[in-house]
Amino acid sequence: MGVMVPFNPVEPFLRSERMPHIWCSGCGIGTTVNCFARALAESKLPLDKVAIVSGIGCTGRVAGYLNLDSFHTTHGRAIPFATGLKLANPELTVVVYSGDGDLIAIGGNHFIHAARRNVDIKVICINNFIYGMTGGQVAPTTPVGATATTAPYGCFERPFNLPYLAESSGAVYVARWTAYHVRYIAHSMADALRKKGFSFIEILAPCPTLYQRRNKLGDGLETMRYYKQHSVIRHGANTRDVNLHFQGEITLGKFVDIERPTLQQTMEQRFRQVLRDRYAG
Amino acid sequence: MPAATTGVKARKFRGEVLITEDRCKECGFCIEFCPPKVLEFSKEFNRHGYHPPILVNEAGCTGCDLCGLYCPDFAIYGIRVPVESPAATASAAGVSPLGNDTSGVESVRQGGGI
Ligand SMILES: Cc1ncc(C[n+]2csc(CCOP(=O)(O)OP(=O)(O)O)c2C)c(N)n1
Ligand code: SF4
Ligand code: SF4
Ligand code: SF4
Ligand SMILES: [Mg+2]
(Lines give C-alpha, C1' and ligand atoms only; values in the text may rest on other atoms or scores of the structure.)
(Ligands and ions follow the chains in the order given, each with its own letter.)
Protein backbone atom coordinates (compact mmCIF):
# COMPACT_ATOMS: atom_id res chain seq x y z
CA MET A 1 0.00 0.00 0.00
CA GLY A 2 1.18 3.52 -0.72
CA VAL A 3 2.28 5.74 2.09
CA MET A 4 1.07 9.11 3.33
CA VAL A 5 3.21 11.76 1.70
CA PRO A 6 2.92 15.52 1.68
CA PHE A 7 4.22 16.29 -1.79
CA ASN A 8 1.72 15.43 -4.45
CA PRO A 9 2.85 17.44 -7.54
CA VAL A 10 -0.39 19.46 -7.41
CA GLU A 11 0.04 20.33 -3.73
CA PRO A 12 1.87 23.66 -4.22
CA PHE A 13 -1.13 24.89 -6.22
CA LEU A 14 -3.72 23.97 -3.60
CA ARG A 15 -4.76 25.33 -0.24
CA SER A 16 -4.09 21.93 1.28
CA GLU A 17 -5.44 22.92 4.68
CA ARG A 18 -8.92 23.13 3.11
CA MET A 19 -8.90 19.52 1.93
CA PRO A 20 -10.94 17.38 1.68
CA HIS A 21 -13.00 19.70 -0.48
CA ILE A 22 -16.81 19.89 -0.51
CA TRP A 23 -17.36 18.23 -3.89
CA CYS A 24 -19.28 14.96 -3.94
CA SER A 25 -17.70 11.61 -4.69
CA GLY A 26 -17.38 11.30 -8.47
CA CYS A 27 -17.97 15.00 -9.14
CA GLY A 28 -15.86 16.03 -12.13
CA ILE A 29 -14.92 19.51 -10.90
CA GLY A 30 -11.93 18.25 -8.86
CA THR A 31 -10.47 16.39 -11.84
CA THR A 32 -10.48 19.61 -13.87
CA VAL A 33 -8.80 21.49 -11.02
CA ASN A 34 -6.17 18.77 -10.94
CA CYS A 35 -5.57 19.40 -14.66
CA PHE A 36 -5.45 23.15 -14.02
CA ALA A 37 -2.70 22.64 -11.43
CA ARG A 38 -0.69 20.71 -14.06
CA ALA A 39 -1.24 23.49 -16.58
CA LEU A 40 -0.03 26.08 -14.06
CA ALA A 41 3.06 23.95 -13.42
CA GLU A 42 3.73 23.69 -17.14
CA SER A 43 3.20 27.40 -17.73
CA LYS A 44 5.96 28.24 -15.21
CA LEU A 45 4.08 31.44 -14.45
CA PRO A 46 5.02 32.87 -11.04
CA LEU A 47 2.05 32.09 -8.84
CA ASP A 48 1.85 35.65 -7.54
CA LYS A 49 1.15 36.81 -11.10
CA VAL A 50 -1.87 34.57 -11.58
CA ALA A 51 -5.27 35.44 -10.14
CA ILE A 52 -8.38 33.29 -10.12
CA VAL A 53 -11.94 34.54 -9.97
CA SER A 54 -15.08 32.46 -9.49
CA GLY A 55 -18.76 33.17 -9.21
CA ILE A 56 -21.23 31.21 -7.09
CA GLY A 57 -21.94 27.50 -7.40
CA CYS A 58 -20.17 24.21 -6.78
CA THR A 59 -17.65 25.21 -9.45
CA GLY A 60 -17.50 28.63 -7.84
CA ARG A 61 -15.70 27.02 -4.93
CA VAL A 62 -12.61 26.51 -7.10
CA ALA A 63 -11.20 29.97 -6.31
CA GLY A 64 -11.15 29.07 -2.63
CA TYR A 65 -9.14 25.89 -3.12
CA LEU A 66 -6.32 27.23 -5.28
CA ASN A 67 -3.20 28.68 -3.76
CA LEU A 68 -3.44 31.85 -5.84
CA ASP A 69 -4.78 35.32 -5.26
CA SER A 70 -8.45 34.59 -5.60
CA PHE A 71 -11.84 36.22 -5.41
CA HIS A 72 -15.22 34.60 -4.97
CA THR A 73 -17.57 37.14 -6.50
CA THR A 74 -21.33 37.44 -6.29
CA HIS A 75 -23.35 35.19 -8.59
CA GLY A 76 -22.69 35.85 -12.29
CA ARG A 77 -20.17 38.60 -11.71
CA ALA A 78 -16.86 36.78 -12.06
CA ILE A 79 -16.22 38.20 -15.53
CA PRO A 80 -16.78 41.88 -14.70
CA PHE A 81 -14.61 41.52 -11.60
CA ALA A 82 -11.91 39.83 -13.68
CA THR A 83 -12.16 42.53 -16.36
CA GLY A 84 -11.47 45.26 -13.80
CA LEU A 85 -8.63 43.25 -12.29
CA LYS A 86 -6.97 42.76 -15.65
CA LEU A 87 -7.32 46.39 -16.75
CA ALA A 88 -6.03 47.72 -13.44
CA ASN A 89 -3.10 45.29 -13.30
CA PRO A 90 -2.29 44.16 -16.85
CA GLU A 91 0.67 42.02 -15.84
CA LEU A 92 -1.62 39.55 -14.07
CA THR A 93 -2.82 36.43 -15.82
CA VAL A 94 -6.49 36.41 -14.89
CA VAL A 95 -8.49 33.17 -14.92
CA VAL A 96 -12.24 32.90 -14.44
CA TYR A 97 -13.29 29.43 -13.27
CA SER A 98 -17.02 28.95 -12.86
CA GLY A 99 -20.12 26.95 -13.69
CA ASP A 100 -22.45 26.98 -16.68
CA GLY A 101 -25.22 28.62 -14.65
CA ASP A 102 -23.00 31.31 -13.21
CA LEU A 103 -21.28 32.19 -16.49
CA ILE A 104 -24.05 31.67 -19.01
CA ALA A 105 -27.36 32.21 -17.18
CA ILE A 106 -27.10 35.10 -14.69
CA GLY A 107 -23.67 36.05 -16.07
CA GLY A 108 -24.50 35.54 -19.74
CA ASN A 109 -24.47 39.19 -20.68
CA HIS A 110 -21.02 39.71 -19.17
CA PHE A 111 -19.81 36.65 -21.04
CA ILE A 112 -20.79 37.87 -24.51
CA HIS A 113 -19.52 41.38 -23.94
CA ALA A 114 -16.15 40.31 -22.54
CA ALA A 115 -15.74 38.10 -25.62
CA ARG A 116 -16.85 40.94 -27.91
CA ARG A 117 -14.32 43.32 -26.37
CA ASN A 118 -11.64 40.64 -26.33
CA VAL A 119 -10.79 41.14 -22.67
CA ASP A 120 -7.58 39.25 -21.99
CA ILE A 121 -8.98 36.72 -19.51
CA LYS A 122 -9.21 32.94 -19.59
CA VAL A 123 -12.64 31.57 -18.89
CA ILE A 124 -13.00 27.95 -17.80
CA CYS A 125 -16.61 26.80 -17.68
CA ILE A 126 -17.49 23.54 -15.96
CA ASN A 127 -20.69 22.47 -17.67
CA ASN A 128 -22.71 19.94 -15.70
CA PHE A 129 -25.93 21.00 -17.50
CA ILE A 130 -27.63 22.31 -14.35
CA TYR A 131 -27.38 24.57 -11.32
CA GLY A 132 -25.59 22.09 -9.08
CA MET A 133 -25.23 23.91 -5.82
CA THR A 134 -28.88 24.91 -5.50
CA GLY A 135 -30.30 21.46 -6.17
CA GLY A 136 -30.22 20.74 -9.89
CA GLN A 137 -32.41 23.36 -11.54
CA VAL A 138 -32.64 23.72 -15.31
CA ALA A 139 -29.91 25.90 -16.89
CA PRO A 140 -29.47 27.47 -20.34
CA THR A 141 -27.23 24.48 -21.04
CA THR A 142 -29.69 21.69 -20.09
CA PRO A 143 -30.20 19.48 -23.14
CA VAL A 144 -33.71 19.07 -24.54
CA GLY A 145 -35.25 15.98 -22.94
CA ALA A 146 -33.08 15.98 -19.83
CA THR A 147 -34.87 16.19 -16.52
CA ALA A 148 -34.02 18.78 -13.87
CA THR A 149 -35.63 19.85 -10.59
CA THR A 150 -37.47 22.63 -12.42
CA ALA A 151 -38.05 20.55 -15.56
CA PRO A 152 -39.76 17.42 -14.19
CA TYR A 153 -41.19 16.50 -17.61
CA GLY A 154 -37.89 17.10 -19.34
CA CYS A 155 -36.35 20.30 -20.66
CA PHE A 156 -38.05 21.64 -23.79
CA GLU A 157 -35.97 24.80 -24.29
CA ARG A 158 -33.18 24.90 -26.80
CA PRO A 159 -29.84 25.19 -24.92
CA PHE A 160 -26.91 27.39 -25.88
CA ASN A 161 -24.12 25.82 -27.86
CA LEU A 162 -21.33 27.37 -25.80
CA PRO A 163 -18.41 27.18 -28.27
CA TYR A 164 -20.62 28.79 -30.94
CA LEU A 165 -21.78 31.47 -28.51
CA ALA A 166 -18.16 32.20 -27.54
CA GLU A 167 -16.85 32.29 -31.09
CA SER A 168 -19.65 34.39 -32.52
CA SER A 169 -19.28 36.84 -29.62
CA GLY A 170 -15.57 37.27 -30.43
CA ALA A 171 -13.47 34.79 -28.40
CA VAL A 172 -10.00 34.16 -29.84
CA TYR A 173 -9.53 30.70 -28.32
CA VAL A 174 -12.35 28.18 -27.94
CA ALA A 175 -12.08 24.54 -26.91
CA ARG A 176 -14.33 21.86 -25.42
CA TRP A 177 -13.33 18.75 -23.45
CA THR A 178 -14.89 16.35 -20.98
CA ALA A 179 -13.53 15.49 -17.54
CA TYR A 180 -12.40 12.17 -19.01
CA HIS A 181 -9.93 13.93 -21.38
CA VAL A 182 -7.45 14.93 -18.70
CA ARG A 183 -4.31 15.34 -20.79
CA TYR A 184 -6.18 17.38 -23.39
CA ILE A 185 -7.64 19.60 -20.67
CA ALA A 186 -4.22 20.24 -19.15
CA HIS A 187 -2.70 21.09 -22.55
CA SER A 188 -5.62 23.27 -23.49
CA MET A 189 -5.46 25.16 -20.20
CA ALA A 190 -1.72 25.70 -20.71
CA ASP A 191 -2.50 27.00 -24.25
CA ALA A 192 -5.05 29.41 -22.82
CA LEU A 193 -2.63 30.63 -20.13
CA ARG A 194 -0.21 31.59 -22.93
CA LYS A 195 -2.85 33.07 -25.21
CA LYS A 196 -3.57 36.81 -25.37
CA GLY A 197 -7.26 37.63 -25.47
CA PHE A 198 -10.60 36.13 -24.46
CA SER A 199 -10.04 32.38 -24.21
CA PHE A 200 -12.83 29.96 -23.44
CA ILE A 201 -12.67 26.31 -22.43
CA GLU A 202 -15.87 24.38 -21.82
CA ILE A 203 -15.47 21.16 -19.85
CA LEU A 204 -18.34 18.73 -19.49
CA ALA A 205 -18.24 17.19 -16.04
CA PRO A 206 -20.39 14.72 -14.13
CA CYS A 207 -22.67 15.92 -11.34
CA PRO A 208 -23.61 12.45 -10.07
CA THR A 209 -25.60 13.83 -7.15
CA LEU A 210 -28.12 15.78 -9.23
CA TYR A 211 -27.91 15.65 -13.01
CA GLN A 212 -26.82 12.02 -13.34
CA ARG A 213 -29.06 10.71 -10.56
CA ARG A 214 -32.15 12.54 -11.71
CA ASN A 215 -31.64 11.35 -15.28
CA LYS A 216 -30.74 7.79 -14.18
CA LEU A 217 -27.32 8.03 -15.81
CA GLY A 218 -25.36 6.25 -13.10
CA ASP A 219 -22.52 7.64 -11.04
CA GLY A 220 -19.49 9.75 -11.88
CA LEU A 221 -17.49 6.79 -13.13
CA GLU A 222 -20.33 5.64 -15.39
CA THR A 223 -20.43 9.15 -16.86
CA MET A 224 -16.67 9.19 -17.43
CA ARG A 225 -17.06 5.88 -19.31
CA TYR A 226 -19.83 7.48 -21.36
CA TYR A 227 -17.57 10.42 -22.23
CA LYS A 228 -14.84 8.00 -23.25
CA GLN A 229 -17.12 6.04 -25.56
CA HIS A 230 -19.20 8.82 -27.07
CA SER A 231 -16.73 11.64 -27.70
CA VAL A 232 -15.08 12.46 -31.00
CA ILE A 233 -12.22 14.92 -31.29
CA ARG A 234 -12.54 17.23 -34.28
CA HIS A 235 -10.06 20.10 -33.98
CA GLY A 236 -11.10 23.09 -36.03
CA ALA A 237 -14.72 21.91 -36.32
CA ASN A 238 -17.23 24.62 -37.21
CA THR A 239 -18.71 25.65 -33.86
CA ARG A 240 -22.18 25.77 -35.46
CA ASP A 241 -21.97 22.00 -35.73
CA VAL A 242 -20.97 21.15 -32.17
CA ASN A 243 -24.39 21.23 -30.50
CA LEU A 244 -24.83 18.84 -27.60
CA HIS A 245 -27.85 16.56 -27.40
CA PHE A 246 -29.14 14.57 -24.43
CA GLN A 247 -26.88 11.51 -24.24
CA GLY A 248 -25.77 12.12 -27.82
CA GLU A 249 -22.35 12.14 -29.43
CA ILE A 250 -20.01 14.80 -27.99
CA THR A 251 -17.76 16.81 -30.30
CA LEU A 252 -14.54 17.93 -28.64
CA GLY A 253 -11.42 19.75 -29.67
CA LYS A 254 -9.81 23.09 -30.12
CA PHE A 255 -12.24 24.89 -32.40
CA VAL A 256 -10.87 28.45 -32.53
CA ASP A 257 -7.34 29.83 -32.14
CA ILE A 258 -7.01 33.24 -33.79
CA GLU A 259 -5.32 36.58 -33.09
CA ARG A 260 -7.18 39.84 -32.51
CA PRO A 261 -6.18 42.99 -30.59
CA THR A 262 -7.28 42.90 -26.96
CA LEU A 263 -9.42 45.51 -25.21
CA GLN A 264 -6.30 46.94 -23.58
CA GLN A 265 -4.53 47.24 -26.93
CA THR A 266 -7.42 48.88 -28.80
CA MET A 267 -7.99 51.25 -25.88
CA GLU A 268 -4.35 52.32 -25.74
CA GLN A 269 -4.14 52.68 -29.50
CA ARG A 270 -7.20 54.91 -29.58
CA PHE A 271 -6.15 57.07 -26.65
CA ARG A 272 -2.67 57.53 -28.09
CA GLN A 273 -4.09 58.48 -31.43
CA VAL A 274 -6.51 61.03 -30.00
CA LEU A 275 -4.74 62.32 -26.91
CA ARG A 276 -1.13 61.93 -28.11
CA ASP A 277 1.27 63.00 -25.33
CA ARG A 278 -1.60 63.85 -23.02
CA TYR A 279 -2.12 60.08 -22.67
CA ALA A 280 -0.06 58.67 -19.85
CA GLY A 281 -0.82 54.96 -20.40
CA MET B 1 7.90 -10.40 -18.32
CA PRO B 2 11.66 -10.94 -17.81
CA ALA B 3 13.73 -8.88 -20.22
CA ALA B 4 15.96 -11.82 -21.09
CA THR B 5 13.17 -13.87 -22.61
CA THR B 6 11.54 -11.08 -24.58
CA GLY B 7 14.64 -9.27 -25.75
CA VAL B 8 13.04 -6.04 -24.55
CA LYS B 9 15.39 -3.68 -22.74
CA ALA B 10 14.94 -3.75 -18.96
CA ARG B 11 12.95 -0.75 -17.70
CA LYS B 12 15.10 1.93 -16.12
CA PHE B 13 12.27 2.97 -13.84
CA ARG B 14 9.68 1.33 -11.75
CA GLY B 15 6.39 2.96 -10.93
CA GLU B 16 5.11 3.73 -7.49
CA VAL B 17 1.88 5.27 -6.26
CA LEU B 18 1.49 7.47 -3.23
CA ILE B 19 -1.92 7.68 -1.65
CA THR B 20 -3.32 10.15 0.88
CA GLU B 21 -5.99 7.74 2.00
CA ASP B 22 -8.12 10.11 4.05
CA ARG B 23 -8.75 12.37 1.05
CA CYS B 24 -10.19 9.58 -1.12
CA LYS B 25 -13.95 9.50 -1.81
CA GLU B 26 -13.98 6.16 -3.59
CA CYS B 27 -15.01 7.46 -7.02
CA GLY B 28 -13.03 4.71 -8.76
CA PHE B 29 -11.58 6.92 -11.51
CA CYS B 30 -7.99 5.92 -10.72
CA ILE B 31 -8.83 2.22 -10.71
CA GLU B 32 -10.80 2.35 -13.96
CA PHE B 33 -8.36 4.49 -15.95
CA CYS B 34 -5.06 3.00 -14.78
CA PRO B 35 -3.73 1.59 -18.08
CA PRO B 36 -2.20 -1.64 -16.65
CA LYS B 37 -5.10 -2.02 -14.14
CA VAL B 38 -2.92 -2.42 -11.09
CA LEU B 39 -5.19 -0.70 -8.55
CA GLU B 40 -8.14 -2.05 -6.57
CA PHE B 41 -10.28 -0.79 -3.71
CA SER B 42 -8.77 -1.59 -0.35
CA LYS B 43 -10.84 -3.63 2.11
CA GLU B 44 -10.01 -1.01 4.74
CA PHE B 45 -12.02 2.15 5.35
CA ASN B 46 -10.49 5.60 5.60
CA ARG B 47 -11.60 7.99 8.34
CA HIS B 48 -14.57 9.17 6.26
CA GLY B 49 -15.82 5.67 5.56
CA TYR B 50 -14.56 5.31 2.01
CA HIS B 51 -12.38 2.53 0.60
CA PRO B 52 -9.22 4.08 -0.84
CA PRO B 53 -7.35 2.39 -3.68
CA ILE B 54 -4.49 -0.02 -3.10
CA LEU B 55 -1.74 -1.09 -5.50
CA VAL B 56 -2.24 -4.81 -6.07
CA ASN B 57 0.51 -5.39 -8.61
CA GLU B 58 3.61 -3.41 -7.74
CA ALA B 59 5.63 -4.62 -10.70
CA GLY B 60 2.87 -3.58 -13.11
CA CYS B 61 2.74 0.10 -12.17
CA THR B 62 4.51 2.22 -14.78
CA GLY B 63 4.42 5.44 -12.76
CA CYS B 64 2.50 7.12 -15.58
CA ASP B 65 0.58 9.28 -13.07
CA LEU B 66 -2.73 8.98 -14.93
CA CYS B 67 -4.30 8.03 -11.60
CA GLY B 68 -2.90 11.31 -10.31
CA LEU B 69 -4.40 13.31 -13.15
CA TYR B 70 -7.84 11.75 -12.82
CA CYS B 71 -8.20 11.97 -9.06
CA PRO B 72 -10.78 14.67 -8.23
CA ASP B 73 -9.63 14.63 -4.62
CA PHE B 74 -5.85 14.98 -5.03
CA ALA B 75 -5.52 11.73 -3.11
CA ILE B 76 -3.20 9.67 -5.34
CA TYR B 77 -0.31 10.15 -7.72
CA GLY B 78 2.22 8.04 -9.50
CA ILE B 79 5.96 8.56 -9.72
CA ARG B 80 8.81 6.91 -11.57
CA VAL B 81 11.58 5.65 -9.38
CA PRO B 82 14.90 4.70 -10.98
CA VAL B 83 15.48 0.98 -10.50
CA GLU B 84 18.00 0.30 -7.78
CA SER B 85 21.65 -0.77 -8.00
CA PRO B 86 22.88 0.15 -11.50
CA ALA B 87 24.00 3.64 -10.49
CA ALA B 88 24.79 4.35 -14.12
CA THR B 89 21.11 4.03 -15.01
CA ALA B 90 20.10 6.65 -12.50
CA SER B 91 22.72 9.19 -13.40
CA ALA B 92 22.15 8.68 -17.10
CA ALA B 93 18.52 9.52 -16.50
CA GLY B 94 19.50 12.66 -14.64
CA VAL B 95 17.82 11.72 -11.37
CA SER B 96 19.21 10.41 -8.14
CA PRO B 97 17.99 7.09 -6.80
CA LEU B 98 15.06 7.65 -4.50
CA GLY B 99 15.12 5.67 -1.32
CA ASN B 100 14.07 7.99 1.46
CA ASP B 101 15.77 10.93 -0.21
CA THR B 102 13.02 13.49 -0.78
CA SER B 103 15.17 15.60 -3.07
CA GLY B 104 15.13 12.59 -5.38
CA VAL B 105 11.35 12.58 -5.19
CA GLU B 106 11.34 16.25 -6.06
CA SER B 107 13.20 15.71 -9.30
CA VAL B 108 11.30 12.59 -10.26
CA ARG B 109 7.94 14.20 -9.73
CA GLN B 110 8.78 16.90 -12.23
CA GLY B 111 8.24 14.21 -14.82
CA GLY B 112 4.63 13.69 -13.73
CA GLY B 113 2.38 13.58 -16.77
CA ILE B 114 0.70 16.67 -18.08
C1 LIG C 1 -28.07 36.65 -7.12
C2 LIG C 1 -28.18 35.20 -6.83
N3 LIG C 1 -29.17 34.47 -7.41
C4 LIG C 1 -29.27 33.15 -7.20
C5 LIG C 1 -28.37 32.52 -6.37
C6 LIG C 1 -28.52 31.04 -6.11
N7 LIG C 1 -27.51 30.25 -6.80
C8 LIG C 1 -26.39 29.82 -6.17
S9 LIG C 1 -25.41 28.85 -7.14
C10 LIG C 1 -26.53 28.99 -8.44
C11 LIG C 1 -26.32 28.30 -9.74
C12 LIG C 1 -24.97 27.69 -9.91
O13 LIG C 1 -24.94 26.93 -11.09
P14 LIG C 1 -23.59 26.70 -11.85
O15 LIG C 1 -22.90 27.99 -12.09
O16 LIG C 1 -23.85 25.86 -13.04
O17 LIG C 1 -22.68 25.95 -10.78
P18 LIG C 1 -22.61 24.42 -10.35
O19 LIG C 1 -23.09 24.40 -8.94
O20 LIG C 1 -23.46 23.62 -11.28
O21 LIG C 1 -21.16 24.10 -10.48
C22 LIG C 1 -27.63 29.78 -8.08
C23 LIG C 1 -28.76 30.07 -8.98
C24 LIG C 1 -27.34 33.30 -5.78
N25 LIG C 1 -26.42 32.73 -5.00
N26 LIG C 1 -27.28 34.62 -6.02
S1 SF4 D 1 -23.81 18.71 -6.38
FE2 SF4 D 1 -23.03 18.04 -8.35
S3 SF4 D 1 -21.68 19.71 -9.07
FE4 SF4 D 1 -22.04 19.99 -6.86
S5 SF4 D 1 -20.30 18.96 -5.85
FE6 SF4 D 1 -21.99 17.48 -5.95
S7 SF4 D 1 -21.62 16.36 -7.86
FE8 SF4 D 1 -20.39 18.24 -7.98
S1 SF4 E 1 0.97 5.49 -12.00
FE2 SF4 E 1 -0.06 4.71 -13.86
S3 SF4 E 1 0.28 2.52 -13.81
FE4 SF4 E 1 0.72 3.24 -11.74
S5 SF4 E 1 -1.20 3.02 -10.63
FE6 SF4 E 1 -1.18 5.11 -11.45
S7 SF4 E 1 -2.26 4.95 -13.41
FE8 SF4 E 1 -1.69 2.86 -12.80
S1 SF4 F 1 -9.48 8.77 -8.06
FE2 SF4 F 1 -8.93 9.61 -6.04
S3 SF4 F 1 -10.86 9.81 -4.93
FE4 SF4 F 1 -11.27 8.48 -6.69
S5 SF4 F 1 -10.96 6.37 -5.89
FE6 SF4 F 1 -9.00 7.03 -6.73
S7 SF4 F 1 -7.88 7.95 -5.02
FE8 SF4 F 1 -10.02 7.81 -4.41
MG1 LIG G 1 -23.66 23.87 -13.38
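Letters go in sequence order (proteins before strands), and every chain restarts at 1.
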**Request:** May I ask you to check whether over 12 heavy atoms, not counting those of B/K37, lie within 6.0 Å of atom NZ?
**Result:** yes

**Asked** If we only count heavy atoms from C-beta on, is the B/D73 to A/M19 side-chain gap below 4.5 Å?
**Response** no

**Message:** To check you understand the geometry: which heavy-atom pair defines the closest contact between A/R38 and B/L69, and what is its length?
**Reply:** NH2-N, 3.6 Å

**Complete:** Residue from A/P20, A/G26, A/C24 scoring the most non-hydrogen pairs under 4.5 Å with chain B is A/G26

**Exceeds 12 heavy-atom contacts within 6.0 angstrom, atom CD of A/Q247** = yes

**Request:** Mind listing the closest non-hydrogen atom pair of A/A179 and B/Y70 along with its distance?
**Result:** O-CE2, 4.1 Å

**Request:** Write down the atom of A/I22, the atom of B/K25, and the distance for their closest heavy-atom approach.
**Result:** C-NZ, 4.3 Å

**Fill in**
Nearest heavy-atom approach of A/N8 to B/I76 is ND2-O, 3.8 Å

**Request:** Please examine the side chains of B/T20 and A/E11, heavy atoms only from C-beta on, and report whether any two atoms are closer than 4.5 Å.
**Result:** no

**Item:** Flag side-chain contact, heavy atom, 4.5 Å: B/E32 against A/R225
**Value:** yes

**Request:** Examine whether an atom of B/I31 lies under 4.5 Å from a heavy atom of chain A, and if so say whether it belongs to the side chain, the backbone or both; otherwise answer neither.
**Result:** neither

**Request:** Determine which residues belonging to residues 27-35 of chain A lie within contact range of chain B, meaning some heavy atom pair is under 4.5 Å apart, and list them by number or answer 'none'.
**Result:** A/C27, A/G30, A/T31, A/V33, A/N34, A/C35

**Message:** Give me the atom names and distance for the closest heavy-atom approach of A/S16 to B/R23.
**Reply:** CB-NH2, 3.9 Å

**Asked** When you look at OH of A/Y184, are more than 12 heavy atoms from neighbouring residues, nucleotides or ligands closer to it than 6.0 Å?
**Response** no

**Message:** Quick check: closest heavy atoms across B/Y77 and A/P9, and the distance to 0.1 Å?
**Reply:** CD1-CD, 3.3 Å

**Prompt:** Which residues in residues 200-216 of chain A have any heavy atom lying under 4.5 Å from a heavy atom of chain B?
**Reply:** none

